[in-house]
Amino acid sequence: MKKTYAVLALTAVSFAAAALVWQSRTQNREDEIKEIRIGIALYRGNDPFINSLRSRLEDKAKEYEQATGIRVVLDTADPKGNQNTQNSQVERFLSLGCDALCVNMVDRSAASYVINKAMDADAPVIFFNREPVEEDMKRWERLYYVGENARESAVLQGGILVSAWREDPRSLDLNGDGRVSYVLLEGESSHQDSLIRTEWSVQTLKDGGVPIERLTGGIANWDRSQASALMGQWLEEFPGEIELVICNNDEMALGAADALERAEEDRPVRIVGIDGTPQGLEGVKKGKLFGTVRCDIGEYAEVIFAIAAAEALGQDVHGQVELMNGIYYECGQEAVTAEDLK
Ligand code: BGC
């Protein structure tokens, strides 16, 4: 929370500073900045988490326009999960003269192409959600990354289950055999969040003394219908055995819930997700999901936008947003159960 306020305060300062820059520049007609242009390259526009971030970014741009009088042109592109398409979209943004790029890489290991083009055009890049490798991030001082700490998400997710176990072991160990039999749904194998979330969710349960037993697991690429299909298979493979479904995100958690509904499962199998998307929180409220980890999406968009706008105006980013190693920003997150949503 403290961090959020710091960012808000800094952003307010940045808006005020931008207003001043604008005011002084309008006095000098030759050097007038009336408009900044920001390109937003998504990895896939129909990803619900990315979609809610996109709409928050649009809100931030409007707030900024109102606060500073500087018009913000946002160009958004959806390459539908294709890296070559995204590369062309980035080139188009640069040819349109974008002052800053916000890039959600399709393939996070392929950032060097985007970086080369941006460096040639002298346009800063704020990567988000899909983290390029460290080596790439160090290539230029105008590269940034905004995301979530994957280990923190997982520890918070595991914490929800450890608390439930301590309160009432039978809420997780449905058949009372002394073990919690779980299945695990993972995001894309190449995404930094999948591996780390999986590892630390399980580790947190072990550290918290929950006696877990893994039945099976699989990759559903963050996707609701893929998760639903996998979960449907597992329910047939392990009839009456699954007690817990650990999911790397809310969409897959909702997919698992769909499969339980389809199978007319009447045992209260617990499902946990991560993200706190509107759909995920609705699922928690309705009792389909046992809990989730809500990412502070407002802060996420605020920081991406603040860095992009400061860079576009040639301001000192580091005086406005506190960055780890001068590059990274981790957004706040919190565990959420139905109890918290009452
Ligand atoms: C989110 C997922 C999302 C993915 C996209 C993850 O951090 O938890 O919901 O699909 O990012 O890259």
Side-chain angles (χ1 to χ4, degrees), residues 40-57 76-83 86 102-111 114 126-133 145-158 160 184-201 218-228 230 245-257 271-284 289 291-297 299-301 303-304 328-336:
I40 302 180
L42 308 175
Y43 92 100
R44 195 155 59 76
N46 65 356
D47 177 309
F49 179 72
I50 295 301
N51 227 343
S52 53
L53 187 53
R54 181 228 312 244
S55 79
R56 288 303 186 98
L57 278 166
T76 306
D78 174 9
K80 300 189 165 65
N82 183 311
Q83 187 57 62
Q86 185 172 62
C102 306
V103 182
N104 180 214
M105 291 298 305
V106 172
D107 173 358
R108 69 191 192 94
S109 67
V114 170
I126 300 93
F127 291 101
F128 63 96
N129 171 261
R130 302 163 75 89
E131 185 179 346
V133 293
Y145 178 75
V146 181
E148 295 163 272
N149 181 315
R151 176 170 159 175
E152 185 188 25
S153 321
V155 169
L156 287 168
Q157 183 187 53
I160 296 173
L184 207 146
L185 283 160
E186 292 187 60
E188 291 158 283
S189 56
S190 57
H191 198 300
Q192 79 282 343
D193 287 343
S194 308
L195 228 77
I196 304 174
R197 287 180 185 174
T198 298
E199 181 189 342
W200 282 96
S201 295
I219 294 170
N221 297 310
W222 309 119
D223 183 72
R224 183 167 180 160
S225 53
Q226 288 184 42
S228 167
L230 269 182
V245 192
I246 303 174
C247 308
N248 283 171
N249 78 340
D250 283 353
E251 276 302 290
M252 295 190 294
L254 291 165
I271 308 175
V272 283
I274 289 177
D275 281 343
T277 54
Q279 301 87 328
L281 293 174
E282 192 55 32
V284 174
L289 309 191
T292 185
V293 176
R294 174 165 45 194
C295 158
D296 188 338
I297 203 94
E299 179 191 16
Y300 210 137
V303 174
I304 295 175
Y328 299 97
Y329 190 93
E330 288 177 350
C331 298
Q333 11 186 8
E334 59 180 353
V336 175

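For ligands, and for the atoms within them, numbers begin at 1 and follow the listed sequence.
Scanning all protein heavy atoms for the shortest distance to atom 8 (O) of ligand 1 gives Asp275 OD1, 2.6 Å. Annotation: atom 12 (O) of ligand 1 to nearest protein heavy atom, Asn129 OD1, 2.6 Å. In this structure, the protein non-hydrogen atom closest to atom 10 (O) of ligand 1 is Asp47 OD2, 2.4 Å.
With Leu289 as the fixed residue, the side-chain contact (heavy atoms from CB on, under 4.5 Å) test singles out one of Leu281, Val245, Val336, Leu254: Leu254. Among Glu152, Glu186, Glu148, the one residue that satisfies the salt bridge (Lys or Arg N to Asp or Glu O under 4.0 Å) test with Arg197 is Glu148.
The ligand atoms of ligand 1 that sit less than 4.0 angstrom from a heavy atom of Tyr43 are 5 (C), 10 (O), 12 (O). Atoms of ligand 1 found under 4.0 Å from any heavy atom of Asp193, numbered from 1 in the order shown, are 6 (C), 7 (O).
Ion pairing of Arg151 with Glu330 is absent here, as no side-chain N (NZ or NE/NH1/NH2) approaches a carboxylate O to less than 4.0 Å. Contact check on Arg56 versus Glu299 returns no salt bridge, with no Lys/Arg side-chain nitrogen under 4.0 Å from an Asp/Glu carboxylate oxygen.
Relative to atom 2 (C) of ligand 1, the option among Asp223, Asn249, Leu42 with the closest non-hydrogen atom is Asn249.
A donor-acceptor pair under 3.5 Å is formed between the side chain of Asp250 and the backbone N or O of Gly276. Checked by atom type and distance alone, the side chain of Arg108 never pairs as donor or acceptor with a backbone atom of Arg130 at under 3.5 Å.
Residue contacts with ligand 1: His191 is included, with a non-hydrogen atom under 4.0 Å away.
Between Asn104 and ligand 1, a contact under 3.5 Å exists for no N or O pair.
The residue Gln192 has no part lying near ligand 1, judged by heavy-atom distances below 4.0 Å.
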